[in-house]
Amino acid sequence: MGWLTGACSVVLTGFAIAAVPTGEKVPVHYGVDMQPNRWGSPVELLLLPIVMLACIALLALVLHLVSPEHWNQPAGLESDEKDAWYLASARSVAWFELECGVFSLLAALNPLSDDCKAMIVGAVAFELLLIATPLIFTARFRKSRGKGKARKL
């Protein structure tokens, strides 16, 4: 899903760029007062979707090319728990991919609007999700471990 939303953001940004008359500048940065404080070429709008696609690609490479024994795991895990930890970590990385794609899609929709408030809300939500995702998956893993036999790590 991260790839799909990331690709959609590039396409939407392309449509937004095509809608801008030749030579016209567009807002590319907003200040805390939610007013544009930097104007630039419409092509600059492609920067964020391309960077997000690169992030999604990097996460996919880590997920598929780095072997599970090289992932950061808590000390003292037994072999059956290592598989569960890897699965929880892989799900967390997949969520990061989706979050990057959705944020990129939101950023692509922003130039089509005169209001930057949605982008600010989206940026804050994106940051909160990036913080919450590993915490949620770690808590779920710990909870699932608690259902088995108790042991000290």
Can you tell me how far apart CG (Leu58) and CG (Leu65) are? Round to the nearest 0.5 Å.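 One finds 10.5 Å between CG of Leu58 and CG of Leu65.
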
Quick check for you: to the nearest 0.5 Å, what is the distance between Cys55 atom SG and Ile50 atom CD1?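 Reported value, rounded in 0.5 Å steps: 12.5 Å.
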
Write down the atom of Leu53, the atom of Ala7, and the distance for their closest heavy-atom approach.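 Taking every non-hydrogen atom into account, CD2-N, 4.0 Å.
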
Closest approach of Thr13 and Leu46, non-hydrogen atoms and distance? CG2-CD2, 3.7 Å

Do Leu47 and Val26 sit in one hydrophobic cluster, given that two such residues count as connected whenever their side-chain heavy atoms are within less than 4.5 Å of each other, even indirectly? no

Spell out, yes or no, whether Met52 and Val62 are grouped together once hydrophobic residues are joined by side-chain heavy atoms under 4.5 Å, including indirect joins. yes

May I ask you to say whether Glu44 pairs ionically with Lys25, meaning some side-chain N is under 4.0 Å from a carboxylate O?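 The answer is no: the pair does not qualify as a salt bridge.
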
